[in-house]
Amino acid sequence: MHLKLILMIITGIALLGCETTPQTSGTYTGTGSVSDSGGGGKDSSISSSDLASAIQGKRLGLGSQEDLVVNIGDRVFFETDSFQLSQAARRIVEKQAKWIKRYPSVKMSIEGHADERGTREYNLALGERRATAVRDYLIALGINPNRVRTISFGKERPVDARSVPEAWSKNRRSVSIVK
Amino acid sequence: MILLKMFRKLLQLVFFCVVVTFFIKPIAAQLRVDITSGNPQPLPIAVAEFFGSGPETEVLAKKITEVISSDLERSGLFRLIKRKAFIQDRSSLRVRPQFPSWRQINAQALLVGSAKTQPSGQIRVDFRLWDVFSAQQLIGRRLETDPANWRRIAHIIADVIYKRITGENGYFDTRVVYIAETGPAQKRIKRLAIMDQDGANLRYLTNGKSLVLTPRFSPTAQEITYLAYENDLPRVYVYNIDTGQQELLGDFPGMSFAPRFSPDGNEVIMSVARDGNSDIFTMDLRTREMRRLTRHPAIDTSPSFSPSGKNVVFNSDRGGEQQLYVMNTIERKAKRISFGSGRYATPVWSPRGDLIAFTKISGGSFAIGVMRPDGSGERLLARGFLTEGPTWAPNGRVLMFFRKNRGRSGRTQPRLFSIDLTGFNEREIPTPTSASDPAWSPSKP
């Protein structure tokens, strides 16, 4: 059997580099450095005395992210695969709510994060739940919903990249960001 | 009949100028590797370096031979006999194989081919696969194309050989899209990357300014749907490979994620988070209408259509922890299918429809496994600290996934791997950077 066929050439596919819209991804990369002061433990940031925080607050700029990190605490931590706010977490969110009320122009973005021990897509959903848990509590404490949004990073932005329990507990967090 | 089937497949290869099939006698399949059984014995094959019509063509012929050999070798189904062992000299092989000399070195199959540059500048490649013991030709083809497409020629030849020997479609003329990772974990740069299944022709489709995750091919392999964090909003996009355009799907409040195309390419199924709760929706790509498939306070995500498009498998923690559920898209009643110990995630329906691949998390480590759509016959194929995100080769016989080993220092990196459905032949897929979230393309049209 002898068959012959002529087909037209279709020009090769030109894969052009994608032009993505520039965006401010740098906003979130700041959390890495923030963790140096806040990541040591949830209690360290809230143990500073009121006097000290007032002094620092002046130096840092009231209503700024630094102010929040140093004087209030920008993050709360979660148990594995949970989005329940612990007693310690509630105390921090309560302080955050008071602080937010003090600065009416401030808008907040609550980042939700997960540790690496879950699948990527599930952890995105889990991070969203965690951020929403913080947002819901802020709203329950009287914050206008329009001032607080959420964003989930799942397991994409760990503060500690090690695969050890200590790192995982630091990474299961929400971080409140002044926008 | 075999000829006609093959031919119909080749008809779709509009890439080529001329495709000529010749001298194919339908003969009894004596040479066969059964790839459904445990660990098949690799078939000893002699691949003679393809002849070239001139010095330049010879270089190209050599490269084509290398790509074919590498495809066959990596499949785990062939054992390539070293050229040093060949007895017949090259000049006489050009005329006709002396089969006793190939039998002597225990070759069961022999591949001989040649490349010729045409006056038009096109390259014409002929090859014949011989059954050494019966001294009969198993298959032969002639392919003609632009020399720039020489890699595709090689992959198509490897696919023809794979199909002739196994009875299954080959998967060498395919591509893989994945996420290329660079930089420290705390501020990882992730870019959409596309390459041939063997790692060649790598291109980056995004510049890394936005975080991108979980790319998946459309059924035509011309579009990719994925998650991108543009303007601080994680949402589902479609990237057109031809035009380089990226289009937002569903401009609604809240995060949309975990996208996949429907088998007919008319819909994208995804999760949408509203007030913190993730449910599953489909979007009609023409009307942009959203249709809700789940309404549950649990996390419902990672949906994947069955090849018929009638069913969807997804993972949900509605029972307390992540498990797999199958739902008919009309009745929308979810039925749990995973019942083993541990959590089950990222289900992906095989293109053949017979199996669902998944990620299983138990005892502090991950595994890639498969089960039947009714949940029976669970089998784990690959393990590792973080071993996640299976994707099927278009023939449903090979899976790709990514793995990151446990790093107490925080410096271990994810890499891509492939493994046969049999659980054998695990191979790392070479990528210049760390890599995750692979998605295998359908067969090229």
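Worth saying up front: this structure is predicted, and the values here are computed from it rather than measured. Proteins come first, then strands; the chains are lettered A, B, ... in the order of their sequence lines, and each starts at number 1.
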- Task: Go through the structure and list residues passing side chain to side chain donor-acceptor pair (under 3.5 Å) with B:N277, not counting sequence neighbours.
- Result: B:D279
- Could you tell me which non-hydrogen atom of A:W168 sits nearest to which non-hydrogen atom of B:F385, and how far apart they are?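 Scanning both residues, the minimum pair turns out to be CZ2-CZ, 3.6 Å.
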- Message: Tell me the closest heavy-atom pair linking B:D232 and A:R149, and the distance in Å.
- Response: O-NH2, 2.8 Å
- Message: Show me the pairs that pass ring-ring contact (aromatic ring centres under 6.0 Å, His included) and involve residues 85-107 of chain A, at least two apart or across chains.
- Response: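 Listed once each, the pairs are A:W99-A:Y103.
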Separation of [Y] [atom2] from [X] [atom1] (nearest 0.5 Å):
X      : Y      : atom1 : atom2 : value
B:Q186 : A:R157 : CD    : CZ    : 10.0 Å
B:S436 : A:R120 : OG    : CZ    : 4.5 Å
A:E116 : B:E388 : CD    : CD    : 10.5 Å
B:L213 : A:K155 : CG    : NZ    : 10.5 Å
B:L386 : A:S163 : CG    : OG    : 6.5 Å

- Heaviest contributor of heavy-atom pairs below 4.5 Å to chain B, chosen from A:G118, A:A125, A:G112, is A:A125
- Query: Who among A:E121, A:R117, A:R162 has the most heavy-atom pairs with chain B under 4.5 Å?
  - Reply: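 Ranked by heavy-atom pairs under 4.5 Å with chain B, first place is A:E121.
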- Query: Is A:R129 salt-bridged to B:D317, going by a charged N under 4.0 Å from an acidic O?
  - Reply: yes
- Query: With only heavy atoms counted, which part of A:T132 is less than 4.5 Å from chain B, the side chain, the backbone, both or neither?
  - Reply: side chain
- Does CG belonging to B:N240 count more than 12 external heavy atoms closer than 6.0 Å?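 More than 12 within 6.0 Å, yes.
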- Task: Applying side-chain contact (heavy atoms from CB on, under 4.5 Å) between A:Y122 and each of B:I361, B:N315, B:T346, B:T359, report the one that passes.
- Result: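 Filter result, single survivor: B:N315.
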- A:L126, A:D81, A:T119 screened by side-chain contact (heavy atoms from CB on, under 4.5 Å) with B:Q322, the one that passes: A:T119
- Item | Side chain proximity check, A:E128 to B:F257, heavy atoms < 4.5 angstrom | no
- Query: Heavy-atom distance under 4.5 Å between the side chains of B:P234 and A:L124, does that happen here?
  - Reply: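 The answer is no; the side chains never approach within 4.5 Å.
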Please classify the contact between [X] and chain A as side chain, backbone, both or neither, with a heavy-atom cut-off of under 4.5 Å.
X      : answer
B:R411 : neither
B:P297 : backbone
B:F314 : neither
B:F366 : side chain
B:S409 : backbone
B:L192 : neither

